[in-house]
Amino acid sequence: RKLTMKIIELFKIKYDPATQCLVFPVYDENDKLVMLTRRSVEGKKFIIDEGKEKPLYLYNYIKKHNIEKAIIVEGQIDALTSCAYGFPAMATMGAISDHQVQLLNKSGIRILYLLFDNDYWGKRFKNNLIKKLRKDILLIDIDISKTGKKDLNELSEQEFWECVYEAENNF
């Protein structure tokens with residue numbers, strides 16, 4: 001899944017042999033552990049606690065390091081892949097919630113790159129986010145449709161950077 005040991009250690013990702021899942025600790029904006037999410041290594045099944053408000057995955061890292069330019073994606077693996085490629089990222093862990101939009105609006109983010117999945121839901125999530133964000137956040141939409149890939153994790157590092165540069169040049 002393109003996760004380097006550096007990324008695994010930095011974001012404290014573990015493996016649970018009992019469930020055959022990768023385990024991702026999820027922290028709130030105050031760096032407090034609020035949930036553990038899991039992803040099967042056998043398929044694409046995600047296990048996310050129900051009934052809990054989802055923070056933005058890796059938002060605590062963005063906030064702690066005063067990062068002003070980041071990518072927002074749907075999935076945790078996509079965010080981690082972006083970080084492995086050298087670009088800070090956050091993930092909505094599915095549909096973007098009003099709480100997550102509020103976090104972005106009060107964050108120090110000045111430039112937000114949008115790279116939602118290349119499907120109906122990704123377009124819908126992106127459009128929902130754009131309508132609700134502060135107007136002073138510069139939005140750069142990364143289009144991966146020409147690659148034929150569904151999400152960031154399917155992109156090679158070279159494809160990823162080509163899409164980023166194209167988005168910046170088309171801005």
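Not measured: the values here are computed from a predicted model.
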Any donor-acceptor pair under 3.5 Å linking the side chain of Asn105 with the backbone of Lys132?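 Judged by distance alone, yes, a pair lies under 3.5 Å.
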When you compare the side chain of [Y] with that of [X], does any pair of heavy atoms fall below 4.5 Å?
X: Thr92; Y: Leu56; value: yes
X: Met90; Y: Leu112; value: yes
X: Gln76; Y: Val26; value: yes
X: Thr81; Y: Leu155; value: no
X: Val34; Y: Lys54; value: no

Grab the two heavy atoms, one from [X] and one from [Y], that are nearest each other, plus how far apart they are.
X: Ser82; Y: Leu152; result: N-CD2, 3.7 Å
X: Ala91; Y: Glu74; result: CB-O, 3.7 Å
X: Val73; Y: Ala79; result: CG2-N, 3.5 Å
X: Met35; Y: Pro55; result: CE-CD, 4.1 Å
X: Glu53; Y: His99; result: OE2-CB, 3.0 Å
X: Leu104; Y: Arg134; result: O-NH1, 3.7 Å

Non-neighbouring partners of Asp117 that pass salt bridge (Lys or Arg N to Asp or Glu O under 4.0 Å), sequence neighbours left out: Lys150
Residues which pass salt bridge (Lys or Arg N to Asp or Glu O under 4.0 Å) with Arg124, listed by chain and number, not counting sequence neighbours: none
Test side chain to side chain contact (heavy atoms under 4.5 Å, CB included) applied to Leu114 and Asp143, Ile142, Ile130, the passing residue: Ile130
Would you kindly confirm whether [X] and [Y] end up in one hydrophobic cluster when ILVMFWY residues are joined by side chain heavy atoms under 4.5 Å apart?
X: Leu138; Y: Tyr165; result: yes
X: Leu129; Y: Ile109; result: yes
X: Val164; Y: Ile140; result: yes
X: Leu3; Y: Met93; result: yes

For the pair Ile72 and Ile96, evaluate side-chain contact (heavy atoms from CB on, under 4.5 Å) and give the outcome as yes or no after the intermediate values. CA-CA 10 Å; Ile72 188 161; Ile96 190 149; 4.2 Å; yes
Could you tabulate the donor-acceptor pairs under 3.5 Å formed by side-chain atoms of residues 6-25, not counting sequence neighbours?
| from | atom 1 | to | atom 2 | distance (Å) |
| --- | --- | --- | --- | --- |
| Asp16 | OD1 | Ala18 | N | 3.1 |
| Asp16 | OD2 | Thr19 | OG1 | 2.9 |

Going through the checks in order, is the side-chain contact (heavy atoms from CB on, under 4.5 Å) test met by Leu139 and Asp141? CA-CA 6 Å; Leu139 301 177; Asp141 188 16; over 6 Å; no
Could you state the interatomic distance from [atom1] ([X]) to [atom2] ([Y]), rounded to the nearest 0.5 Å?
X: Phe160; Y: Asn153; atom1: CZ; atom2: CG; answer: 11.5 Å
X: Asp151; Y: Ile144; atom1: CG; atom2: CD1; answer: 6.5 Å
X: Arg39; Y: Ile48; atom1: CZ; atom2: CD1; answer: 10.5 Å
X: Cys163; Y: Gln158; atom1: SG; atom2: CD; answer: 10.5 Å

side-chain contact (heavy atoms from CB on, under 4.5 Å) evaluation trace for Ile47 with Leu36: CA-CA 9 Å; Ile47 303 166; Leu36 298 173; over 6 Å; no
Would Leu115 and Asp78 count as a side-chain contact (heavy atoms from CB on, under 4.5 Å) if you check the C-alpha gap in whole Å, the side-chain angles of each, and the deciding distance to 0.1 Å? CA-CA 9 Å; Leu115 207 168; Asp78 295 329; over 6 Å; no
Extract all donor-acceptor atom pairs below 3.5 Å that involve side chains of residues 57-64 and protein atoms in other chains or at least two apart in sequence.
| from | atom 1 | to | atom 2 | distance (Å) |
| --- | --- | --- | --- | --- |
| Tyr59 | OH | Leu103 | O | 3.2 |
| Asn60 | ND2 | Asp31 | OD1 | 2.6 |
| Lys63 | NZ | Glu29 | O | 3.4 |
| Lys64 | NZ | Asp31 | OD2 | 3.1 |

Pairs in or reaching into residues 111-150: which pass ring-ring contact (aromatic ring centres under 6.0 Å, His included), with residues at least two apart or in two chains?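 Counting only pairs at least two positions apart or across chains, the ring-ring contact (aromatic ring centres under 6.0 Å, His included) contacts touching residues 111-150 are Phe87-Tyr113.
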Residues joined to Phe46 in its hydrophobic cluster, side chain to side chain under 4.5 Å directly or through other members, sorted by chain and number, are none
